K.L.:
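Here it is, the structure in full.
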Amino acid sequence: MTDRPLTPLLDTVDVPADLRKLRPDQLRQLADELRAEMISAVGTTGGHLGSGLGVVELTVALHYVFDTPDDKLIWDVGHQCYPHKIITGRRDRIRTLRQGGGLSGFTKRAESEYDPFGAAHSSTSISAALGFAVANSLKDQPGRAIAVIGDGAMSAGMAYEAMNNARAAGNRLVVILNDNDMSIAPPVGGLSAYLAKLVSSRPFLELREIARRFARKLPEPLHKAARRTDEYARGLAMGGTLFEELGFYYVGPIDGHNLDHLIPVLENVRDSDHGPVLIHAVTQKGKGYAPAEAADDKYHGVQKFDVITGKQAKAPPGPPAYQNVFGETLAKLAESDPRIVAITAAMPSGTGVDKFARAHPDRSFDVGIAEQHAVTFAAGLAAQGMRPFAAIYSTFLQRAYDQVVHDVAIQNLPVRFAIDRAGLVGADGSTHAGSFDITYLATLPNMVVMAAADEAELVHMTYTAAEYDLGPIAFRYPRGGGTGVPLPEVPEKLEIGKGRIVRQGKAVAILSLGTRLAEALKAADTLEARGLSTSVIDLRFAKPLDEELIRQTLAAHEVCVTIEEGSIGGLGAHVLTLASDAGLIDAGLKLRTMRLPDVFQDQDKPEAQYDAAGLNAPQIVDTVLKALRHNSAGVEEAGARA
């Protein structure tokens, strides 16, 4: 990494109040220094780079013009908020981004008063800002709400639902459309900047209001025609007719990197009594850093990197990532099965669907940030005889739960859910952790829920799902690389609801679901060394349970422990219910469940997160020993009797 950049002007700015003391002609230098500081920080920590670089000038302008934190600035998703964090009192901690005990990679209410609304999922900003704006209005207190939303996030229906109700906020709501990839924006230059400044100015708005008052006195057909003429005249000159139809006063497009254009327009909007207003700012991801500007993905998410060359630190070579195993397996299966299609919600590479898309472009669908649509679209495909795979992160599938229940499960349609990012996910923290899918899926009638213990199992489960046509089926797998086991040349069709005995013992049984299997085997080694003969079961299925195997296991062992990478209400709860209903714990069996704690865990390295969660081998051993209530000597004696 390189030395930190020289930032003499930025050094004088700790919070936005300091920023507002600067002269307008100093803001360009400040933005340049802020960009250099962000590049240096992310080079040290890794994280989201391109999106933050694209909003440096916008960040400076918004904090300069608006009275944050009294005016509420809400960043959609939040992965572009690093420049915002630097100038809102967190610069001294910016090199702890996404690390254990450090700053979150997203906005977070508990972190700063300048983060009024936490986010890491997209398309929530306008709804939240509308809430802040209406609350201020109802309480008769000052304060605007400014939502900054990207063009990608505008692909989600929630954004339009919010805009359709935004009239209630009036001039207290400002939406900044951060357009860094849209084709709808006309060229941005002097004319568009002049028009944006003109139509947001007080003289224009006052003249427009006079004309509107005059038009109200006209017969209704002429009044409507006059209103349409105003809206469509501005729409033809500037674009934005859709936003006008949704009730917004549209201003733009404007160069989001030109502070001389941004500041006057934002000041006009701030001082106007018209609204709600949408400002269309055109920006460039990766702006100001050549390696990011040249990259296809604009350096969206990066590892630590060398600031001079842009070269990212590479992880040592290892097993293939789970999502790539899934994508390549599905692509291979689709060669002989024309019914297989893949659907992703704006995460093709993150889910491995990009691998499928390269092989079968006509059967791959990226629906944008629209998980609800993705699930019901898959349901329609399934109803028409196709074999759809909806590949969606666990934490994003939460957004489509009603569709999973109503459109898939109730109708018993064979939609295949490939659930990526199962369990804890490291640097992204609680907002992206796949903690709840076992619980929220295994509770549904008709649903089959599998969890892969390793990448070979993932191959088998992908094939099993493809061949299962009796109803919905889901399989989950974690982020990152596999365990290094050989991948099968020919996938195996698993028997639904049947687990496997990985290791046979007599005294203790560990019933594992998912990739905690490796830790279960380590724990078994330790327990064996202490004289406790230990069985290890890979249940494979959270639903339906392998009732026969579970009954036999509970009856044959003194202590049984379930372990899973999910919240309460998952595998452990289902095993406990089975044991209770069948009277299997009436005779003194010691049955314990290990699961994620009932908290939202902050970002850290995954191994540290699982250690904090108590789901590593030492904690499994400790759970067994506490159940036996023996010290080491007593355990050895108990093992000798087993």
Side-chain angles (χ1 to χ4, degrees), residues 394 422-425 430 433-443 449-454 476-478 483 499-503 505 507-528 530 532-543 545-546 549-550 553-554 557-580 584-585 589-601 604 606-630 635:
S394 168
L424 302 176
V425 294
S430 60
S435 305
F436 310 112
D437 57 271
I438 301 173
T439 299
Y440 70 65
L441 291 177
T443 192
V449 181
M450 302 181 283
D454 54 42
R476 71 191 311 255
Y477 46 95
T483 63
R500 57 176 178 146
I501 300 173
V502 179
R503 181 169 178 166
V508 176
I510 304 171
L511 288 75
S512 174
L513 181 73
T515 56
R516 286 298 93 189
L517 180 64
E519 293 297 313
L521 289 168
K522 291 179 187 177
D525 288 339
T526 301
L527 292 168
E528 291 279 359
R530 291 175 176 268
L532 286 167
S533 177
T534 302
S535 295
V536 178
I537 312 293
D538 176 16
L539 281 177
R540 284 178 165 158
F541 293 82
K543 187 171 189 178
L545 288 173
D546 189 338
L549 178 57
I550 292 172
T553 301
L554 298 190
H557 295 79
E558 184 179 353
V559 176
C560 292
V561 176
T562 68
I563 185 165
E564 62 193 300
E565 297 156 325
S567 67
I568 190 169
L571 172 74
H574 286 262
V575 171
L576 280 171
T577 299
L578 169 63
S580 173
L584 299 176
I585 51 178
L589 167 71
K590 298 175 178 65
L591 179 57
R592 302 290 184 268
T593 64
M594 299 183 70
R595 59 201 178 273
L596 293 177
D598 190 27
V599 298
F600 291 107
Q601 288 183 251
D604 207 334
E607 57 269 25
Q609 288 183 314
Y610 278 114
D611 204 49
L615 293 181
N616 285 333
Q619 291 96 351
I620 300 174
V621 171
D622 190 54
T623 298
V624 170
L625 297 183
K626 285 180 178 177
L628 289 169
R629 295 180 180 175
H630 287 299
V635 169

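The structure presented is a predicted model; accordingly, all values stated were derived computationally and were not measured.
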K.L.:
Please answer whether the main-chain N or O of L625 pairs with a side-chain N or O of R530 as donor and acceptor at a distance below 3.5 Å.
P.N.:
no

K.L.:
Quiz question: by atom type and distance under 3.5 Å, do the side chains of D454 and T483 form a donor-acceptor pair?
P.N.:
no

K.L.:
Can you tell me how far CG of L596 sits from CG of L424, rounded to the nearest 0.5 angstrom?
P.N.:
5.0 Å

K.L.:
For the residue pair D538 and A453, what are the closest heavy atoms and their distance?
P.N.:
OD2-CB, 3.6 Å

K.L.:
Please check this pair: side chain of Q601 against backbone of Q609, looking for a donor-acceptor N/O pair closer than 3.5 Å.
P.N.:
yes

K.L.:
Got a second to check how far S512's OG is from E565's CD, nearest 0.5 Å?
P.N.:
7.5 Å

K.L.:
Do L539 and R500 touch side chain to side chain, with heavy atoms closer than 4.5 Å?
P.N.:
no

K.L.:
Above 12 or not: heavy atoms from other molecules or residues under 6.0 Å from CD1 of I585?
P.N.:
yes

K.L.:
If every non-hydrogen atom of I438 is compared with every non-hydrogen atom of L571, which pair is closest and at what distance?
P.N.:
CG2-N, 3.9 Å

K.L.:
Quick check: does any side chain N or O of E528 sit under 3.5 Å from a backbone N or O of T534, one acting as donor and the other as acceptor?
P.N.:
yes

K.L.:
Quick check against the 3.5 Å criterion: does T443 have a side-chain atom that pairs as donor or acceptor with the backbone of T439?
P.N.:
no

K.L.:
For the CE atom of M594 and the OG1 atom of T623, what is their distance to the nearest 0.5 Å?
P.N.:
3.5 Å

K.L.:
At their closest point, which heavy atom of A617 faces which heavy atom of E519, and how far apart are they?
P.N.:
N-OE1, 2.8 Å

K.L.:
Nearest 0.5 Å, please: how far is CZ in R595 from CG in L513?
P.N.:
14.5 Å

K.L.:
Decide side chain to side chain contact (heavy atoms under 4.5 Å, CB included) for V449 and D437; before the verdict, give the C-alpha distance in whole Å, the side-chain angles of both, and the deciding distance to 0.1 Å.
P.N.:
CA-CA 9 Å; V449 181; D437 57 271; 5.6 Å; no

K.L.:
State which residue, out of I537, I510, D525, fulfils the side chain to side chain contact (heavy atoms under 4.5 Å, CB included) condition with R503.
P.N.:
D525

K.L.:
Which heavy atom of A524 sits nearest a heavy atom of V536, and at what distance?
P.N.:
CB-CG2, 3.7 Å

K.L.:
Is any side-chain heavy atom of L511 closer than 4.5 Å to a side-chain heavy atom of L549?
P.N.:
no

K.L.:
In Å, rounded to the nearest 0.5 Å, how long is the span from CG of D598 to OG of S435?
P.N.:
10.5 Å

K.L.:
Between S580 and L576 (side chain of the first, backbone of the second, donor and acceptor by atom type, cut-off under 3.5 Å), is there such a pair?
P.N.:
no

K.L.:
How far apart are the closest heavy atoms of S533 and G505, and which atoms are they?
P.N.:
OG-CA, 3.2 Å

K.L.:
Compare every heavy atom of G423 with every heavy atom of Y610, then report the nearest pair and how far apart it is.
P.N.:
OH-CA, 3.5 Å

K.L.:
Do T526 and I620 have side-chain heavy atoms sitting under 4.5 Å apart?
P.N.:
no

K.L.:
Output the distance between atom OG (S535) and atom NE2 (H557), rounded to the nearest 0.5 Å.
P.N.:
3.0 Å

K.L.:
So, the side chain of D546 versus the backbone of G499: is there a donor-acceptor pair under 3.5 Å, distance only?
P.N.:
yes

